[in-house]
Amino acid sequence: MKPQPLIKKLRAGLNADETGNKANSLIFLHHYGFNIPLTYLITTRAYDRFRAGDEAVIEDLEKELGVLPDRTWAVRSSTTAEDSHEFSFAGQFQTVINVKGTADILSAVKKVWDSASFLSDNDYVRKSGVSCIRCGVIIQEMIPARLAGVSFSRNPVTSQNETVIEAVEGAGEELVQKGITPMR
């Protein structure tokens, strides 16, 4: 029996438990005709194997990563805790941008996984009530950005039911990873 692939191309029919909520949101947008950059998803199953100490998962991933097109990528988290109805988890997990080549993608994936593993003893996680975080990973083609940001469907400060968009000039890393004060 052929083993299930650990990396899947973004497409309809994948569920959030397998890919994480952020990937599920991208699948939704793609399904409704939004223009999504070339995207691959590492399943939560790969993360589970990694957390269980299965060293073969790294070799398996390396083989699958080796067939991805030669592009520059953003490697992002897609956990089962992110983008929920109650909590966004925006900026809580690692994102690595401008990644090129199999070895660097694999290193970036490990950083994303580590950020999910280390988050378990965090005030935000305790407040959310999330007891188990499974981590999928999004590998998405980098698109040069003049502006980048985050959109909240609920105000993150007041919890009011209103849309808030925060943005910075250039890549969004300044906003979500470094906490620079954004335009709102």
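Throughout, numbering of the chain's residues begins at 1 and tracks the sequence.
Neither side chain, T43 nor E18, offers a donor N or O lying under 3.5 Å from an acceptor on the other.
When the side-chain hydrogen bond (donor to acceptor under 3.5 Å, both in side chains) test is applied to E64, no partner is found at least two apart in sequence or on another chain. The ring-ring contact (aromatic ring centres under 6.0 Å, His included) check on F34 picks up nothing, with sequence neighbours excluded. Considering only residues two or more places apart in sequence or on other chains, R11 meets the salt bridge (Lys or Arg N to Asp or Glu O under 4.0 Å) condition with none of them. Applying the side-chain hydrogen bond (donor to acceptor under 3.5 Å, both in side chains) rule to R45 yields no partners; only residues at least two apart in sequence or on another chain are considered. Residues that satisfy the side-chain hydrogen bond (donor to acceptor under 3.5 Å, both in side chains) test with K110, not counting sequence neighbours, are absent from this structure.
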**OP:** Check step by step if side chain to side chain contact (heavy atoms under 4.5 Å, CB included) holds for E169 and L147.
**Re:** CA-CA 4 Å; E169 291 184 15; L147 291 170; 3.9 Å; yes
Subject >> Residues Y47, L6; criterion side chain to side chain contact (heavy atoms under 4.5 Å, CB included); working and verdict >> reply: CA-CA 9 Å; Y47 175 72; L6 298 173; over 6 Å; no
**OP:** Start with the C-alpha distance between R184 and V157, add both sets of side-chain angles, then the distance that settles side chain to side chain contact (heavy atoms under 4.5 Å, CB included), and finish with yes or no.
**Re:** CA-CA 12 Å; R184 180 175 276 186; V157 176; 4.1 Å; yes
Subject >> Test log, rule side chain to side chain contact (heavy atoms under 4.5 Å, CB included), inputs I139 and L68 >> reply: CA-CA 10 Å; I139 302 171; L68 296 185; 4.2 Å; yes
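Separating the OG1 atom in T39 from the NE2 atom in H30 is a distance of 8.5 Å, to the nearest 0.5 Å. To the nearest 0.5 Å, atoms CD (E55) and CG (D60) are separated by 12.0 Å.
The side chain to side chain contact (heavy atoms under 4.5 Å, CB included) with I42 is formed by just one residue from the set V112, I105, V57, V109; it is V109. The one candidate from L26, L14, I138 that meets the side chain to side chain contact (heavy atoms under 4.5 Å, CB included) condition with T19 is L14.
M183 has its side chain out of reach of E166: every pair of non-hydrogen atoms, C-beta onward, lies at least 4.5 Å apart. Residues Q94 and D114 fail the side-chain proximity criterion, which asks for heavy atoms closer than 4.5 Å.
Note on L29 and I27: same hydrophobic cluster, where clusters join Ile, Leu, Val, Met, Phe, Trp and Tyr whose side-chain heavy atoms are under 4.5 Å apart, directly or indirectly. Residues L41 and L38 are members of separate hydrophobic clusters, defined by side-chain heavy-atom contacts under 4.5 angstrom among Ile, Leu, Val, Met, Phe, Trp and Tyr. Hydrophobic cluster membership differs between L10 and V137, with clusters built from Ile, Leu, Val, Met, Phe, Trp and Tyr side chains linked at under 4.5 angstrom. In this structure, F28 is a member of the same hydrophobic cluster as I36, with clusters built from ILVMFWY side-chain heavy atoms closer than 4.5 Å.
R71 places no side-chain N or O within donor-acceptor distance of the main-chain N or O of M142, the cut-off being under 3.5 Å. Side chain of S78 to main chain of A23: a donor-acceptor pair is present (N/O by atom type, distance under 3.5 Å, no hydrogens or angles). Judged purely by atom type and a 3.5 angstrom limit, T44 uses its side chain to pair as donor or acceptor with the backbone of D17. Although no hydrogens or angles enter the test, the distance criterion places a donor-acceptor pair under 3.5 Å between the side chain of K22 and the main chain of S77.
Looking at every heavy atom in both residues, N98 comes nearest to T72 through CA-CG2, 3.5 Å. Nearest heavy-atom pair across I143 and P37 is CG1-CG, 3.7 Å. Shown here for V96 and A108, the closest heavy-atom pair between the two residues is CB-CB, 3.8 Å.
Between W73 and Y40, the two ring planes are perpendicular [angle over 60°; tilted spans 30° to 60°].
The environment of CG in N15 is crowded: more than 12 heavy-atom neighbours from other residues, nucleotides or ligands sit within 6.0 Å. Annotation: E162, atom CD; neighbour count of heavy atoms from other residues, nucleotides and ligands within 6.0 Å is above 12.
The stretch residues 97-106 participates, sequence neighbours left out, in these salt bridge (charged side-chain N to carboxylate O under 4.0 Å, His left out) pairs: D70-K100.
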